[in-house]
Engineer: 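Before we start, here is the structure in question, set down as structure tokens.
Nothing here was measured: the structure is a model prediction, and the numbers come from that model. Throughout, protein chains are lettered first and strands after them, A, B, ... in sequence-line order, and every chain is numbered starting at 1.
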Number of protein chains: 2
Amino acid sequence: MASTTPAHLTPRKRPRQARATATVDAIFEATIQVLLTDGPHRLTTTRVAARAGVSVGTMYQYFPHKQALFYALNERYLDDLAETVRNTCEARHGAPIVDMVQALVTTYWDAKTKRPEVTRALYRSVVELDNEALLEAFARRVDAATAAMFASASDAGFADLPVVNLTLLTTIFGSVRSVFERNLPADEAAAVRRQLILMCVAYLDAVRLRPDPPAG
Amino acid sequence: MASTTPAHLTPRKRPRQARATATVDAIFEATIQVLLTDGPHRLTTTRVAARAGVSVGTMYQYFPHKQALFYALNERYLDDLAETVRNTCEARHGAPIVDMVQALVTTYWDAKTKRPEVTRALYRSVVELDNEALLEAFARRVDAATAAMFASASDAGFADLPVVNLTLLTTIFGSVRSVFERNLPADEAAAVRRQLILMCVAYLDAVRLRPDPPAG
DNA sequence: ACCTGAACACCGTTCAAGT
DNA sequence: ACCTGAACACCGTTCAAGT
């Protein structure tokens with residue numbers, strides 16, 4: 001992932017001593033806090049620095065500018081999420097296709113819903129800049145994990161797995177974001193989640209290869 | 001829609017004279033231009049005003065602050081989009097369900113893809129504030145239009161139409177946004193669009209009510 | 001190696017003065 | 001009714017000076 005990070009978003013310097021590491025961690029934590037309490041619009045560098053207990057100058061030693069802060073925050077978050085999805089996928093290799101879809105949707109959904117305000121804050125913090133590189137790297141990792149899982153399904157094969165896989169991920173990622181954006185009430189959100197699984201299953205069933213009927 | 005707009009986002013004053021209307025239009029147009037050429041991050045009020053050929057002060061007579069500009073822009077855009085979708089839906093009343101889904105996905109997708117950079121700029125401009133009210137109003141309108149359409153399907157009925165409808169819209173809106181966010185190459189985007197229709201059809205087929213088999 | 005905070009440039013917003 | 005633009009407060013970013 002690091003290799004895909006545009007240079008202007010890279011931290012200026014990596015923490016080398018213990019206190020520096022503590023500083024960077026404090027800045028991350030402070031950023032989330034300010035994001036949650038004040039919103040992205042009222043998040044100022046001074047405020048974050050104050051909350052982290054350091055001076056602005058210190059912050060700028062590690063992050064070349066404000067957006068780099070958001071970038072690093074999202075990078076951390078997406079790394080985590082990709083890893084979670086990967087684990088889920090590996091554990092389902094060889095399983096029936098329905099189990100896979102259910103596990104995938106549930107894992108992704110739950111990960112996003114665990115701390116909804118953080119998720120929302122992050123969605124909003126990715127305003128600008130080359131977050132595309134970030135999202136691309138994330139998508140690539142998840143893509144690989146789910147494609148490998150689906151390829152191993154015990155009860156289904158697909159003529160064009162890459163397209164099927166891309167469609168599924170696009171739909172799942174998108175739906176979750178949509179639900180957050182509309183801030184749907186919990187019961188409606190839960191209903192959509194159940195239906196989404198149904199939908200993915202119906203789709204996979206429609207596009208999967210069926211064994212030829214015995215010749216005669 | 002106007003009734004749901006939060007007060008602090010309302011234009012300060014409505015243009016009453018012809019030259020004022022021209023001013024407001026120029027400001028809108030300038031905002032889009034600056035958004036496209038400089039990006040949301042480098043969009044300053046002075047720059048927009050300059051491009052529109054007015055002074056900053058004038059801008060502030062109509063928009064209480066910068067965000068209100070973005071808000072108004074999105075409002076215009078979503079009004080338009082909702083109307084387009086509504087027309088599509090009305091024209092399909094009584095049609096078979098497959099035609100409906102196909103028309104819905106195609107209309108929405110094409111509307112968003114017609115001017116991709118504008119779409120992207122708008123997605124990014126809705127950073128903050130109560131865009132929720134805006135999106136909610138939009139969703140409500142589209143919701144009503146599609147629900148009425150699906151209820152009139154010549155070849156299908158649904159036990160829980162509201163949930164089915166909500167799921168479909170969440171998926172369609174979300175997928176389109178996902179495709180934009182990842183900036184998928186045209187051929188992959190096209191493939192996803194086709195698959196999305198397939199997916200919706202498979203889903204509707206799975207959840208639709210079938211006539212009871214004749215008793216015996 | 002790491003931290004500080006005053007200083008600078010710039011941007012959002014206002015308001016007294018104009019037509 | 002509509003427009004102007006200098007003025008003000010504030011925020012992002014820097015850098016000389018410190019430990």
Engineer: Please report the interatomic distance CD1(Ile32(A)) to CG(Leu43(A)), rounded to the nearest 0.5 Å.
Structural biologist: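 Rounded to the nearest 0.5 Å, the CD1-CG separation comes to 11.5 Å.
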
Engineer: Pull out every residue in residues 56-64 of chain A that has a heavy atom closer than 4.0 Å to any atom of DNA chain C, ordered by number, or say none.
Structural biologist: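 Gly57(A), Thr58(A), Gln61(A), Tyr62(A) - these, ordered by number, are the residues of the stretch whose heavy atoms sit under 4.0 Å from the strand.
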
Engineer: For Leu69(B) and dG12(C), give me the distance from atom CG to atom C1', rounded to whole Å.
Structural biologist: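 Value for this atom pair: 12 Å.
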
Engineer: Return the nearest nucleotide to the side chain of Ala20(B); candidates are dA1(C), dT13(D), dC2(D).
Structural biologist: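 Nearest to the side chain of Ala20(B) among the choices is dC2(D).
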
Engineer: What is the distance from CD1 of Ile27(B) to P of dC2(D), rounded to the nearest Å?
Structural biologist: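 Those two atoms, CD1 and P, are 12 Å apart.
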
Engineer: dC11(D) phosphate, OP1 or OP2: any side-chain N/O from Thr46(A) under 4.0 angstrom?
Structural biologist: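 Checking dC11(D) against Thr46(A), no side-chain N or O comes under 4.0 Å of OP1 or OP2.
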
Engineer: Indicate yes or no: does Arg86(A) engage Asp79(A) in a salt bridge with an N to O separation below 4.0 Å.
Structural biologist: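 Asp79(A) and Arg86(A): not salt-bridged.
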
Engineer: Apply ring-ring contact (aromatic ring centres under 6.0 Å, His included) to residues Phe63(B) and Phe28(B) and explain how you reach the verdict.
Structural biologist: CA-CA 11 Å; Phe63(B) 304 97; Phe28(B) 274 131; 5.7 Å; yes

Engineer: Could you please name the option among dA1(C), dG12(D), dC11(C) that lies closest to any side-chain atom of Thr44(B)?
Structural biologist: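 Looking only at side-chain atoms, Thr44(B) lies closest to dC11(C).
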
Engineer: Check whether any side-chain N or O of Ser152(A) sits under 3.5 Å from a backbone N or O of His93(A) as a donor-acceptor pair, and report yes or no.
Structural biologist: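 No; zero donor-acceptor contacts below 3.5 Å.
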
Engineer: Where the side chain of Arg47(B) is defined as all heavy atoms beyond and including C-beta, which of dG12(C), dC2(C), dC11(C) is the nearest nucleotide?
Structural biologist: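 For Arg47(B), the side-chain atoms sit closest to dC11(C).
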
Engineer: Using side chain to side chain donor-acceptor pair (under 3.5 Å) as the criterion, list what pairs up with Asn165(B), not counting sequence neighbours.
Structural biologist: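 With sequence neighbours excluded, Asn165(B) shows a side chain to side chain donor-acceptor pair (under 3.5 Å) to Asp143(B), Thr146(B), given in chain and number order.
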
Engineer: Quick check: on DNA chain C, is the nucleotide nearest Lys66(B) upstream (toward 5') of the one nearest Arg19(B), or the reverse? Name the residue that is more 5'.
Structural biologist: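 The answer here is Lys66(B).
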
Engineer: Just verifying a value: how many Å separate Arg124(B) CZ and Glu181(B) CD, rounded to the nearest 0.5 Å?
Structural biologist: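 So the CZ of Arg124(B) and the CD of Glu181(B) are separated by 8.0 Å.
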
Engineer: Quick one: Gln17(B) CD to dA1(D) C1', roughly how many Å, whole number?
Structural biologist: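 So the CD-C1' distance, Gln17(B) to dA1(D), works out to 5 Å.
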
Engineer: Between Thr45(A) and dT13(D), is there a contact of a side-chain N or O with OP1 or OP2 at under 4.0 Å?
Structural biologist: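 Indeed not, no polar side-chain atom of Thr45(A) lies that close.
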
Engineer: So, do Tyr77(B) and Tyr123(B) have ring centers that fall under 6.0 Å from each other?
Structural biologist: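 Not close enough - the centres of the two rings lie 6.0 Å or further apart.
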
Engineer: Would you say the side-chain atoms of Tyr203(A) and Gln195(B) include a donor-acceptor pair closer than 3.5 Å?
Structural biologist: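 Yes, Gln195(B) and Tyr203(A) have a side-chain donor paired with an acceptor closer than 3.5 Å.
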
Engineer: Would you call Glu132(B) and Arg120(A) a salt bridge, taking side-chain N to carboxylate O under 4.0 Å as the test?
Structural biologist: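 Between Arg120(A) and Glu132(B) there is a salt bridge, with a charged N closer than 4.0 Å to a carboxylate O.
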
Engineer: Between atom CZ in Arg42(B) and atom P in dC11(D), what is the gap in whole Å?
Structural biologist: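 Checked: the CZ to P distance equals 22 Å.
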
Engineer: In whole Å, I'd like the distance from the CZ atom of Phe70(B) to the C1' atom of dG12(C).
Structural biologist: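 Rounding to the nearest Å, CZ of Phe70(B) and C1' of dG12(C) are 12 Å apart.
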
Engineer: In whole Å, I'd like the distance from the CD atom of Gln67(A) to the P atom of dC11(D).
Structural biologist: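 Result: 16 Å.
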
Engineer: Give the dot-bracket string for DNA chain C, reading 5' to 3', where a pair is Watson-Crick or G-U wobble with both distances under 3.5 Å, ( ) marks pairs inside the strand, [ ] marks pairs crossing earlier ones, | marks a partner on another strand, and . marks unpaired.
Structural biologist: ||.|||||...|||||.||

Engineer: Given dC3(C), dT4(D), dA1(D), identify the nucleotide with an atom nearest to the side chain of Ser55(B).
Structural biologist: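 Given the options dC3(C), dT4(D), dA1(D), the side chain of Ser55(B) is closest to dT4(D).
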
